[in-house]
2 protein chains.
Amino acid sequence: MVDLWRAEPLHEQLAAILRTQIDKGELQPGQRLPSELALQQTYDVSRGTVRHALKVLRDEGKIVTYLGRGSFVPPKNQDL
Amino acid sequence: MVDLWRAEPLHEQLAAILRTQIDKGELQPGQRLPSELALQQTYDVSRGTVRHALKVLRDEGKIVTYLGRGSFVPPKNQDL
DNA sequence: GCGGATTTGTACGTATGTATG
DNA sequence: GCATACATACGTACAAATCCG
């Protein structure tokens, strides 16, 4: 869970959590991440913070996001 | 084809495509447009997006729509 | 006229994008 | 960082009108 009293910004904490889940394979390639609303409720942060965290992962190439559909873990390989 | 990552909204892109076809005469006055389902499949967007695009053209007077029949390019002249 | 297929109308529900305070 | 509002987009379901065999 994110910790209000850690020095690290909330969105960084959340990004780290999701990044770990992806790297560990708990979020499989091709799989959809929980919605922003779900993440918001799960980690008790605002939607803005969730979106900030997702942007971090997006910039890292860890996820891809589609309007109206959600964020996904992209396939590792190049068979697109 | 419509492009998910263009800045222009999908329904605007689709409206522009159909508007061009009308203005070019590829869709003749009096002719029926493809059904919403056909447009949906052709351009790979949701029906809601198709309907949004058609509403744009309807508001422009480019097409008229009848329940159970379809959308049509109205005659240019006033012989209704 | 009947019945199924087609087409548009409407209503929800869910999700992301953007803007504002 | 948070809260709210609205726009954009997808999916589903069903109703209403029309078309056609």
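Residue numbering restarts at 1 for every chain, and letters A, B, ... go by the order of the sequence lines. For clarity, every value in this text was computed on a predicted model and none was experimentally measured.
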Of all residues at least two apart in sequence or in a different chain, which pass the side-chain contact (heavy atoms from CB on, under 4.5 Å) check with Ala53(A)?
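Ala53(A) satisfies side-chain contact (heavy atoms from CB on, under 4.5 Å) with His11(A), Leu14(A), Ala15(A) once adjacent residues are dropped.
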Please confirm whether the shortest side-chain N or O distance from [X] to OP1 or OP2 of [N] is below 4.0 Å.
{"X": "Ser71(B)", "N": "dT7(C)", "result": "no"}
{"X": "His11(A)", "N": "dG1(D)", "result": "yes"}
{"X": "Thr49(B)", "N": "dC10(D)", "result": "yes"}
{"X": "Arg51(A)", "N": "dG17(C)", "result": "yes"}

Heavy atoms only, 4.0 Å cut-off, all strands: where does Gly48(B) land among base, sugar-phosphate and nothing?
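No contact at all - Gly48(B) keeps every heavy atom at 4.0 Å or more from the nucleic acid.
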Close side-chain approach of Leu27(B) to Ile63(B), heavy-atom, < 4.5 Å
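Sidechains of Ile63(B) and Leu27(B): no contact.
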Within the 4.5 Å heavy-atom criterion, are Thr49(A) and Tyr43(A) side-chain neighbours or not?
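Sidechains of Tyr43(A) and Thr49(A): no contact.
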Please give, in whole Å, the distance from [N] [atom2] to [X] [atom1]?
{"X": "Leu39(B)", "N": "dT8(C)", "atom1": "CG", "atom2": "P", "result": "8 Å"}
{"X": "Leu10(B)", "N": "dG17(C)", "atom1": "CG", "atom2": "P", "result": "13 Å"}
{"X": "Gln13(A)", "N": "dG1(D)", "atom1": "CD", "atom2": "P", "result": "9 Å"}
{"X": "Lys55(A)", "N": "dG1(D)", "atom1": "NZ", "atom2": "C1'", "result": "17 Å"}
{"X": "Glu12(B)", "N": "dA9(D)", "atom1": "CD", "atom2": "C1'", "result": "14 Å"}
{"X": "Gln41(B)", "N": "dC10(D)", "atom1": "CD", "atom2": "P", "result": "14 Å"}
{"X": "Tyr66(B)", "N": "dT18(D)", "atom1": "OH", "atom2": "P", "result": "11 Å"}
{"X": "His52(A)", "N": "dG1(D)", "atom1": "NE2", "atom2": "C1'", "result": "11 Å"}

Among the clusters formed by ILVMFWY side chains lying less than 4.5 Å apart, do Leu33(A) and Val56(A) turn up in the same one?
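As far as the 4.5 Å side-chain criterion goes, Val56(A) and Leu33(A) are not connected within one cluster.
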Nearest-neighbour nucleotide for the [X] side chain, [options] considered:
{"X": "Arg58(B)", "options": "dC19(D), dG9(C), dG1(D)", "result": "dG9(C)"}
{"X": "Ser46(B)", "options": "dG9(C), dG1(D), dG11(D)", "result": "dG11(D)"}
{"X": "Arg69(B)", "options": "dC10(D), dG9(C), dT18(D)", "result": "dT18(D)"}

Sort and list the pairs that fulfil side-chain hydrogen bond (donor to acceptor under 3.5 Å, both in side chains) and have at least one residue in residues 22-39 of chain B, not counting sequence neighbours.
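Passing the test, one end in residues 22-39 of chain B: Asp23(B)-Lys62(B), Glu36(B)-Arg47(B), Glu36(B)-Arg51(B).
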Apart from Leu37(A) itself, which Ile, Leu, Val, Met, Phe, Trp or Tyr residues share its cluster (side-chain heavy atoms under 4.5 Å, direct or through members)?
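In the cluster with Leu37(A) there is nothing else; it is isolated.
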By the rule that ILVMFWY residues connect when side-chain heavy atoms come within less than 4.5 angstrom, directly or transitively, which residues belong alongside Val64(B)?
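Hydrophobic cluster check, Val64(B): joined to Tyr66(B), Phe72(B).
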So if I take residues 27-38 of chain B and measure heavy-atom distances to DNA chain C, which residues fall below 4.0 Å?
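Those residues whose heavy atoms fall under 4.0 Å from DNA chain C, taken from residues 27-38 of chain B in numerical order, are Arg32(B), Ser35(B), Glu36(B).
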Closest approach of Pro74(B) to Pro29(B) (non-hydrogen atoms, all atoms of both residues)
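Looking at all heavy atoms of both residues, the shortest contact is O-CB, 3.6 Å.
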Report the residue from Leu39(B), Thr42(B), Leu18(B), Leu10(B) that forms a side chain to side chain contact (heavy atoms under 4.5 Å, CB included) with Val50(B).
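Testing each of Leu39(B), Thr42(B), Leu18(B), Leu10(B) against Val50(B), the sole residue satisfying side chain to side chain contact (heavy atoms under 4.5 Å, CB included) is Leu39(B).
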For nucleotides 12-16 of chain D, print each protein N/O atom paired with a nucleotide N/O atom at under 3.5 Å, atom names and distance only.
none

